Visitor: 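Before I ask anything, here is the structure I am working with.
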Number of protein chains: 2
Amino acid sequence: MSDLLERLRGRGWRMTAQRRVVAEVLDGDHVHLTADEVHARAVERLPEISRATVYNTLGELVSLGEVLEVSTDRRAKRYDPNAHRPHHHLVCAGCGAIRDVHPIGNPLADLPAAERFGFTVSDVEVTYRGLCPECAAAA
Amino acid sequence: MSDLLERLRGRGWRMTAQRRVVAEVLDGDHVHLTADEVHARAVERLPEISRATVYNTLGELVSLGEVLEVSTDRRAKRYDPNAHRPHHHLVCAGCGAIRDVHPIGNPLADLPAAERFGFTVSDVEVTYRGLCPECAAAA
DNA sequence: GCTTGACTTAGACAAAGTCCATTGTAGGAT
DNA sequence: ATCCTACAATGGACTTTGTCTAAGTCAAGC
């Protein structure tokens, strides 16, 4: 995590208390917080931080490639700090829990030229859906 | 399309002018309209139709499995009438154009048990991203 | 320890979607 | 053909998520 802060400083990022708190909140594995959740946790450490700053900072982290934007449902975007290891997502239809997953193979190679409509295809995003053990037991 | 209306009537759907217009607007291939676009086109045929009715009707069509909800960007949901042939989507990062595509293989089989975290995985959604010919030429 | 331009703030604003009380009507019953 | 009634439509208020702006604040270089 301090790696991240160092890297950002090296790129000319001005280090402020607000930015540090947002970066710290996003630390960890299988972390997929919404902007408002990030804000709520940031407020615990820095009560006067504003929503706009959280949105701005998240946007910057995404632009810098340090955080990924994920939208698994049609609600709020989620922010995934695991940006340096490519992965996809597995989402529980019941409770919304999200896990990072690593399928085998390369889905990009599975799209035949005839199905590309002349597009330059550069990226693919895979979302698996199902029920987590808890929600499956409750159903 | 009249197939669709027949099928819905058979399931006890009360047929109204509003529902008919919404279903008609959604007819075709590679159709991926937002709720507001559906509303705009419905208004051309039935000026007094309300936004709430369009939302309600789209929601019902989705519940009945006749239409798919697609969220390729973080903007509005899009509605895809091509619900009976499984497919994925190819989206232009420039202009937002969407095409239905059919990759080879079955991505569901590509998720090892060890990567399922005990989930019952039932569905997978694949979104390819790139540039359409027009946007690639403009870039 | 100044200065300055980048950063933060609060609140207004916007887009997408939901909710609800009221009004209207499709389709079966008579 | 007309009547009834449960289901559907309406419009407007409300919510959620996110963006924008003008004014104030502060990190970092000198």
Side-chain angles (χ1 to χ4, degrees), chain A residues 5-26 32-43 45-64 66-80 96, chain B residues 5-25 32-64 66-80 96:
Chain A
L5 296 179
E6 279 315 314
R7 234 175 324 165
L8 294 172
R9 207 192 309 263
R11 295 209 228 172
W13 228 43
R14 183 188 282 184
M15 191 50 53
T16 67
Q18 290 85 346
R19 288 175 166 183
R20 188 165 21 243
V21 165
V22 169
E24 283 169 6
V25 163
L26 280 175
H32 304 92
L33 298 169
T34 65
D36 268 356
E37 287 165 353
V38 171
H39 180 239
R41 298 193 186 194
V43 162
R45 305 189 187 197
L46 190 65
E48 67 276 22
I49 192 172
S50 75
R51 263 172 19 99
T53 296
V54 171
Y55 276 101
N56 288 341
T57 304
L58 289 171
E60 286 157 16
L61 288 169
V62 170
S63 301
L64 292 169
E66 297 290 347
V67 164
L68 295 177
E69 256 179 16
V70 183
S71 9
T72 52
D73 54 18
R74 8 4 244 193
R75 319 271 323 221
K77 287 180 260 194
R78 294 179 175 276
Y79 293 88
D80 182 343
Chain B
L5 294 179
E6 279 316 313
R7 231 175 321 160
L8 293 172
R9 207 192 310 262
R11 294 208 228 171
W13 225 45
R14 182 188 281 184
M15 192 50 53
T16 67
Q18 292 84 346
R19 287 175 165 184
R20 188 163 25 243
V21 165
V22 168
E24 283 169 7
V25 164
H32 304 92
L33 297 169
T34 65
D36 268 355
E37 286 165 353
V38 171
H39 179 240
R41 297 191 187 194
V43 162
E44 293 172 9
R45 305 187 188 199
L46 191 64
E48 66 278 21
I49 193 172
S50 75
R51 265 171 19 99
T53 296
V54 171
Y55 276 101
N56 288 341
T57 305
L58 289 172
E60 286 157 16
L61 289 169
V62 170
S63 301
L64 292 169
E66 297 290 348
V67 164
L68 295 177
E69 257 180 16
V70 183
S71 5
T72 52
D73 54 17
R74 298 30 286 180
R75 319 274 320 224
K77 288 180 261 193
R78 293 178 175 276
Y79 293 88
D80 182 344

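Everything numeric in this text was worked out from a predicted model, so none of it was measured. In the text below, chain A, chain B and the rest are named by the order of the sequence lines, each starting its count at 1.
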Visitor: Once side chain to side chain donor-acceptor pair (under 3.5 Å) is applied, do any residues pair with A:T72, and if so which ones, sequence neighbours excluded?
Guide: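 None.
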Visitor: What is the 5' to 3' range of DNA chain D, first to last nucleotide, that sits under 4.0 Å from any heavy atom of chain A?
Guide: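 Answer, 5' to 3': D:dT16 to D:dA28.
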Visitor: I'd like to check the ring-ring contact (aromatic ring centres under 6.0 Å, His included) partners of B:H32; sequence neighbours left out, ordered by chain and number.
Guide: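 B:H89.
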Visitor: Kindly write out the residues that satisfy salt bridge (charged side-chain N to carboxylate O under 4.0 Å, His left out) with A:R45, not counting sequence neighbours, or none if the list is empty.
Guide: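 Counting only residues at least two positions away or on another chain, A:R45 forms a salt bridge (charged side-chain N to carboxylate O under 4.0 Å, His left out) with A:E24.
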Visitor: Quick one: salt bridge (charged side-chain N to carboxylate O under 4.0 Å, His left out) partners of A:R41, sequence neighbours excluded?
Guide: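 Applying salt bridge (charged side-chain N to carboxylate O under 4.0 Å, His left out) to A:R41 gives none.
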Visitor: Starting at CG of A:L58 and ending at P of C:dT8, how long is that distance when rounded to a whole Å?
Guide: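 Taking CG of A:L58 and P of C:dT8, I get 12 Å after rounding.
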Visitor: Could I get the full list of salt bridge (charged side-chain N to carboxylate O under 4.0 Å, His left out) partners for A:R51, not counting sequence neighbours?
Guide: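 Testing A:R51 for salt bridge (charged side-chain N to carboxylate O under 4.0 Å, His left out), a comparison that skips the adjacent residues, returns A:D36.
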Visitor: Are side-chain heavy atoms of A:L58 and A:V22 found at a separation under 4.5 Å?
Guide: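 A:L58 reaches A:V22 side chain to side chain.
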Visitor: Run the side-chain contact (heavy atoms from CB on, under 4.5 Å) test against A:R9 and tell me which residues pass, sequence neighbours left out.
Guide: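 side-chain contact (heavy atoms from CB on, under 4.5 Å) list for A:R9, sorted by chain: A:E6, A:M15.
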Visitor: In the structure I gave you, are the side-chain heavy atoms of B:L8 and B:L61 within less than 4.5 Å of one another anywhere?
Guide: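 Answer yes - side chains close enough.
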Visitor: Could you work out, with side chain to side chain donor-acceptor pair (under 3.5 Å) as the rule, every residue matching B:R19, not counting sequence neighbours?
Guide: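 Only B:E60 meet the side chain to side chain donor-acceptor pair (under 3.5 Å) criterion with B:R19.
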Visitor: Enter the inter-axis angle for the ends of the helix from C:dG1-D:dC30 to C:dT30-D:dA1 (five pairs per end, rounded to 10°).
Guide: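 Rounded value for the end-axis angle: 30°.
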Visitor: Let me have a per-nucleotide readout for nucleotides 24-30 of chain C, 5' to 3', with B, S or -, counting only protein heavy atoms under 4.0 Å.
Guide: BBBS---
Visitor: Do nucleotides 10-22 of chain C as a string where each nucleotide becomes B, S or -: B if the base has a protein heavy atom under 4.0 Å, S if just the sugar-phosphate does, - if no protein is that close.
Guide: B----SSBBB---
Visitor: Got a sec, which residues hit side-chain contact (heavy atoms from CB on, under 4.5 Å) with A:E69, two or more places apart in sequence or on another chain?
Guide: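 Counting only residues at least two positions away or on another chain, A:E69 forms a side-chain contact (heavy atoms from CB on, under 4.5 Å) with A:V62, A:K77, A:Y79.
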Visitor: Could you tell me whether a side-chain N or O of A:H39 sits under 3.5 Å from a main-chain N or O of A:I49, the two making a donor and an acceptor?
Guide: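 Between the backbone of A:I49 and the side chain of A:H39 there is a qualifying donor-acceptor contact (under 3.5 Å).
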